[in-house]
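Encoded as structure tokens, the structure appears first; notes follow it.
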Amino acid sequence: MGILVAPSILSADFANLAADIKRAEDGKADWLHVDVMDGHFVPNLTIGAPVVRSLRNVTQLPLDCHLMVSDPDRFLEDFAQAGATYLTVHTEACVHLQRTLSQIRKLGMKAGVALNPSTPEQVLEYVLQDLDLVLVMSVNPGFGGQAFIPAVVPKISAIRKMLDEAGNKQALISVDGGINTETGSVVTAAGANVLVAGKSVYGATDVTAAIRHLHQCGPKNVCKAG
Ligand code: DX5
Ligand code: ZN
């Protein structure tokens, strides 16, 4: 499987979301990344399940919902009903992570765990069979357009090794924060499968070219500049 690209609509125009989603679709994005922030777990507020429900009506792309909220158990059902494909919770926000992940699957969604840059991969040790996606944060969550933190790169390969050794080879690793063609090449070489990108996609004049260049960031390809 090639590298998947998930444009983050956090950097899209919220007054013209349908049009910006179409731009991502036309550019052959694989997923749409939806950042949900509660002003408590992270110092910013964004959108919730009602917006996901509206997005579900205008696109066939998988909706990769990243919950940056405290106590996410309160919202799992809402996102399932809204049509989320992947639902990713932060381990730092979950008291009973295994229960939360199995509940997400029970609701018919794919289960993801996100790790802040300072969170070690060992938190995943006893839930390796319960997840479909690990989201490695390469910035501290809360805002788009921040600088990539290179210290997280070894964590990506460590997680790939843990998943493979546990027999969960299908689980994907996404990396989120400061991803562009340069950092994208570094993280895919370390084992990332999914590149989440806000500013480098929606801040580009040519969204299609930006997505194409990220697709070319696979370990076997040489990245184009820009
Ligand atoms: C940050 C979000 C990211 C954000 C990434 O908290 O989780 O998904 O949109 O934005 P860029 O790609 O601009 O760093
Ligand atoms: Zn995100």
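Just follow the structure's listing: the first ligand is 1, and inside any ligand the first atom is 1. This one's a predicted model, so the numbers in the text were calculated from it and none came from an experiment.
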Problem set entry | Any side-chain heavy-atom pair of L115 and V136 under 4.5 Å | no
For this session: Check whether any side-chain heavy atom of L4 lies under 4.5 Å from a side-chain heavy atom of L172, and answer yes or no.
Result: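 Yes, side chains in contact.
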Looking only at heavy atoms, which two atoms of [X] and [Y] are closest? And how far apart?
| X | Y | result |
| --- | --- | --- |
| S185 | T181 | OG-O, 2.9 Å |
| A93 | V69 | CB-O, 3.3 Å |
| L97 | V123 | CD2-O, 4.4 Å |
| D64 | L133 | OD1-CD2, 3.8 Å |

Problem set entry | Check ion pair D132-R105 (N to O, under 4.0 angstrom) | yes
Exercise. Which pairs with one or both residues in residues 31-66 pass ring pair (Phe, Tyr, Trp, His ring centres under 6.0 Å), sequence neighbours excluded?
Worked result: W31-Y86, H33-H66, F41-H90, H66-H90
Exercise. Leaving out waters, which are not shown anyway, how many protein N, O or S atoms lie closer than 2.8 Å to the Zn ion (ligand 2)?
Worked result: 4
Exercise. What pairs meet the side chain to side chain donor-acceptor pair (under 3.5 Å) rule with one or both residues in residues 13-24, with sequence neighbours excluded?
Worked result: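 Sorted pair list: D13-N16, D20-R23, K22-D26.
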List, for ligand 1, each N/O atom that has a protein N/O partner under 3.5 Å away, with both atom names and the distance.
{"from": "ligand 1", "atom 1": "6 (O)", "to": "G142", "atom 2": "N", "distance (Å)": "2.7"}
{"from": "ligand 1", "atom 1": "7 (O)", "to": "D35", "atom 2": "OD1", "distance (Å)": "3.0"}
{"from": "ligand 1", "atom 1": "7 (O)", "to": "H66", "atom 2": "ND1", "distance (Å)": "3.3"}
{"from": "ligand 1", "atom 1": "7 (O)", "to": "D176", "atom 2": "OD2", "distance (Å)": "2.9"}
{"from": "ligand 1", "atom 1": "8 (O)", "to": "H33", "atom 2": "NE2", "distance (Å)": "3.3"}
{"from": "ligand 1", "atom 1": "8 (O)", "to": "D35", "atom 2": "OD1", "distance (Å)": "3.1"}
{"from": "ligand 1", "atom 1": "8 (O)", "to": "D35", "atom 2": "OD2", "distance (Å)": "2.8"}
{"from": "ligand 1", "atom 1": "8 (O)", "to": "D176", "atom 2": "OD1", "distance (Å)": "2.7"}
{"from": "ligand 1", "atom 1": "8 (O)", "to": "D176", "atom 2": "OD2", "distance (Å)": "3.0"}
{"from": "ligand 1", "atom 1": "9 (O)", "to": "S8", "atom 2": "OG", "distance (Å)": "2.8"}
{"from": "ligand 1", "atom 1": "9 (O)", "to": "D35", "atom 2": "OD2", "distance (Å)": "3.1"}
{"from": "ligand 1", "atom 1": "12 (O)", "to": "G198", "atom 2": "N", "distance (Å)": "2.8"}
{"from": "ligand 1", "atom 1": "13 (O)", "to": "G145", "atom 2": "N", "distance (Å)": "2.8"}
{"from": "ligand 1", "atom 1": "13 (O)", "to": "K199", "atom 2": "N", "distance (Å)": "2.9"}
{"from": "ligand 1", "atom 1": "14 (O)", "to": "G178", "atom 2": "N", "distance (Å)": "2.8"}

